[in-house]
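The structure appears right after this line, and notes come after that.
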Number of protein chains: 2
Amino acid sequence: MLPPVSTPIELPVYQPHPPERADAARNRRRILAAAERLFAERGVAQTSMDAIAAEAGVGKGTLFRRFGDRASLALAVLDEKDRQFQDALLHGPPPLGPGAPPCARLRAFGEAMLDRLEENLDLLLDAQTAAGNYLRSEPYSALWLHVRLLVQQARPDCDADYTTDVLLGALTAPVFAHQRKARGMDLDRLKAGYADLVDRLMTAPIRAGVS
Amino acid sequence: MLPPVSTPIELPVYQPHPPERADAARNRRRILAAAERLFAERGVAQTSMDAIAAEAGVGKGTLFRRFGDRASLALAVLDEKDRQFQDALLHGPPPLGPGAPPCARLRAFGEAMLDRLEENLDLLLDAQTAAGNYLRSEPYSALWLHVRLLVQQARPDCDADYTTDVLLGALTAPVFAHQRKARGMDLDRLKAGYADLVDRLMTAPIRAGVS
DNA sequence: ATCGCGAACGGACTTCGGTCCGGTTCATGG
DNA sequence: CCATGAACCGGACCGAAGTCCGTTCGCGAT
């Protein structure tokens with residue numbers, strides 16, 4: 001039990017970003033602004049990369065140089081939008097922020113994430129549809145570490161890595177979209193379901209035998 | 001508590017498939033064979049739809065007419081490969097098949113699914129990377145109903161729909177790929193984690209309060 | 001102020017998934 | 001055996017993602 005924390009291949013090395021050139025910074029801002037605008041006015045799925053480049057007054061090559069691919073751009077736009085969410089987690093008031101017991105924080109986290117999904121579903125779908133590259137992204141890693149820490153505090157006797165994956169897997173954009181749209185489950189039901197999930201995972205008897 | 005089973009928009013109507021024309025059937029077989037061959041010999045990701053059409057000696061239009069899109073083709077190929085898995089679930093020996101207690105069947109199901117993921121990861125990644133169209137597919141629905149039934153039997157006092165999503169969410173191709181490749185978790189650890197997940201979800205105290 | 005270099009730029013180009021539509025083929029009724 | 005129309009075929013075509021590479025330009029050094 002309790003397998004070691006695996007840091008298998010590459011741990012997140014500090015990247016000393018050689019300082020960004022002035023025009024590069026300008027273009028990055030332009031691109032993000034253009035993307036945000038177009039996403040808002042005609043929908044994420046209806047917006048091509050060419051259109052964003054044009055709207056930003058920038059070549060396509062520049063766009064891809066800075067953001068790599070469509071999913072990463074979506075992620076970057078999203079990142080701007082919920083930077084506040086990011087540090088509500090770290091420095092905000094309880095129960096989302098520090099100060100509340102870990103279980104309560106996990107529940108609050110789920111609720112906040114579900115609201116976020118409801119709010120930015122298109123963007124999140126786009127960002128997560130790169131066949132798992134999303135799971136390697138920096139924003140996801142941050143969420144993962146956050147949850148993992150809480151899990152470890154609340155339930156030191158389980159495989160925290162795995163449990164974290166389960167909890168975050170339940171807050172995935174495609175799953176959420178399906179629950180919400182195809183099955184018509186409403187937001188409150190999902191919140192209740194998640195809260196119950198946390199409860200059950202965190203309060204279950206230790207290593208229950210077969211049933 | 002216990003929200004009603006939602007059958008929101010369209011329930012699966014029986015489609016009386018007007019009988020398939022001879023040439024159509026022949027081409028479908030050719031395409032599946034070609035796809036399987038190319039996937040095997042040069043990898044799923046490296047195989048374009050054009051290449052499959054060419055290998056099958058068939059026009060591109062035909063390919064897309066029969067399978068709709070890339071993900072669906074992957075799913076069809078997969079379906080051929082694990083038809084046996086499908087009915088091991090329904091008619092095979094316990095604990096996978098009927099006869100064992102639901103909890104045991106859920107654990108066996110997870111183990112089998114993980115083996116399946118290990119075996120056909122590329123194919124499954126491809127099939128599931130259609131931004132959630134996979135979740136509407138027939139094979140997925142079958143798995144979902146299977147798990148849902150077991151959940152309901154093992155734990156009649158919870159939101160079975162939601163719990164089912166959680167259990168299947170933990171067996172998703174992108175998550176599996178990330179656990180396996182990026183984090184280097186081995187298969188046994190995942191199996192243990194899933195079994196423990198089932199245990200915790202099914203044996204947790206009823207409606208535990210806050211902690 | 002000038003120079004030189006490497007990073008940044010941008011748009012033509014390639015690739016590939018997916019659609020369209022005119023021509024062909026299969027199955028059925030006469 | 002033939003007429004007929006529905007279903008099917010195939011490849012030209014399209015739009016969008018992502019790459020390439022010759023050109024430009026910011027910026028530290030002289």
Side-chain angles (χ1 to χ4, degrees), chain A residues 15-32 34-35 38-39 42-77 122-123 125-134, chain B residues 15-32 34-35 38-39 42-77 122-123 125-134:
Chain A
Q15 292 191 22
H17 270 285
E20 190 178 42
R21 238 169 69 171
D23 54 347
R26 173 174 50 80
N27 282 336
R28 202 194 52 235
R29 278 193 303 271
R30 278 190 189 171
I31 290 170
L32 284 173
L38 291 183
F39 285 166
R42 80 173 73 154
V44 177
Q46 305 311 315
T47 304
S48 73
M49 296 299 266
D50 295 78
I52 294 172
E55 173 84 6
V58 144
K60 217 181 170 186
T62 302
L63 200 173
F64 278 95
R65 150 180 293 274
R66 302 223 70 75
F67 294 99
D69 60 18
R70 192 185 160 86
S72 301
L73 174 59
L75 209 60
V77 170
D122 289 355
L123 224 35
L125 271 176
D126 223 70
Q128 298 186 8
T129 303
N133 286 4
Y134 168 67
Chain B
Q15 291 189 23
H17 270 285
E20 190 179 43
R21 241 170 65 171
D23 53 347
R26 173 175 50 81
N27 281 337
R28 202 194 52 235
R29 278 193 303 272
R30 278 189 188 172
I31 290 170
L32 284 173
L38 291 184
F39 285 167
R42 79 172 73 155
V44 177
Q46 305 310 315
T47 303
S48 72
M49 296 300 266
D50 295 78
I52 295 173
E55 174 84 4
V58 144
K60 216 180 167 184
T62 302
L63 200 172
F64 278 95
R65 151 181 294 275
R66 303 223 70 75
F67 295 98
D69 60 18
R70 192 185 160 85
S72 301
L73 174 59
L75 210 60
V77 171
D122 289 355
L123 225 34
L125 271 177
D126 221 70
Q128 298 185 9
T129 303
N133 286 4
Y134 168 67

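Throughout, a chain's letter reflects where its sequence line sits, starting with A, and its residues are numbered from 1. What you see is a predicted model; the values in this text were computed from it and never measured.
Between the side chains of Asp69(A) and Ser72(A), at least one donor N or O sits under 3.5 Å from an acceptor N or O.
Looking at the side chain of Arg21(B), the nearest of the listed nucleotides dG26(D), dG17(C), dC26(C) is dC26(C). Checking dG17(C), dC8(D), dG10(D) against the side-chain heavy atoms of Ala24(B) singles out dC8(D) as nearest.
At a threshold of 4.0 angstrom between heavy atoms, the contacts of Arg66(B) are confined to the sugar-phosphate backbone, with no base atom among them. Backbone-only engagement by Ser48(B) is indicated by non-hydrogen atom pairs under 4.0 Å involving sugar-phosphate atoms exclusively.
As rounded to whole Å, 11 Å separates atom C1' of dG18(D) from atom CG of Leu63(A). Here the P atom of nucleotide dA8(C) and the CZ atom of Arg29(A) are 15 Å apart, to the nearest Å. Distance, Asp50(A) CG to dC13(C) C1': 12 Å, rounded to whole Å. Rounded to whole angstrom, the span from the NZ atom of Lys60(B) across to the C1' atom of dC8(D) amounts to 18 Å. Ile52(B) has its CD1 atom 17 Å from the C1' atom of dG11(D), to the nearest Å. The interatomic distance linking Met49(B) (CE) with dC16(C) (P) rounds to 12 Å, in whole Å. Rounding to whole angstrom units, CZ of residue Arg26(A) and C1' of dC25(D) are separated by 10 Å. Between the CG atom of Leu38(B) and the P atom of dC16(C) there is a distance of 13 Å, rounded to whole Å.
Salt bridge present: Arg66(B) and Glu20(B) bring a charged side-chain N and a carboxylate O closer than 4.0 Å.
Of the two residues contacting DNA chain D, namely Gly61(A) and Gln46(A), the nearest-nucleotide position lying further toward the 5' end is that of Gln46(A). Nearest-nucleotide assignment on DNA chain C puts the 5′-proximal partner with Val58(A), out of Gly68(B) and Val58(A). Heavy-atom nearest nucleotides on DNA chain D were determined for Arg65(A) and for Asp23(A), and the one closer to the 5' end corresponds to Arg65(A).
In this structure, Thr47(B) and Glu55(B) have side chains that are not in contact, with every pair of non-hydrogen atoms separated by 4.5 Å or more. For the pair Leu73(A)/Ile31(A), a side-chain contact is recorded, criterion being any heavy-atom separation below 4.5 Å from C-beta on.
A close approach under 4.0 Å does not occur between any side-chain nitrogen or oxygen of Asn27(A) and OP1 or OP2 of dA8(C). Remark: Thr62(A) is not in phosphate contact with dA8(C), judged by side-chain N or O atoms under 4.0 Å from OP1 or OP2.
Each of Leu32(B), Val44(B), Asp126(B), Ile52(B) was scored for a side chain to side chain contact (heavy atoms under 4.5 Å, CB included) with Val77(B), with one residue passing: Leu32(B).
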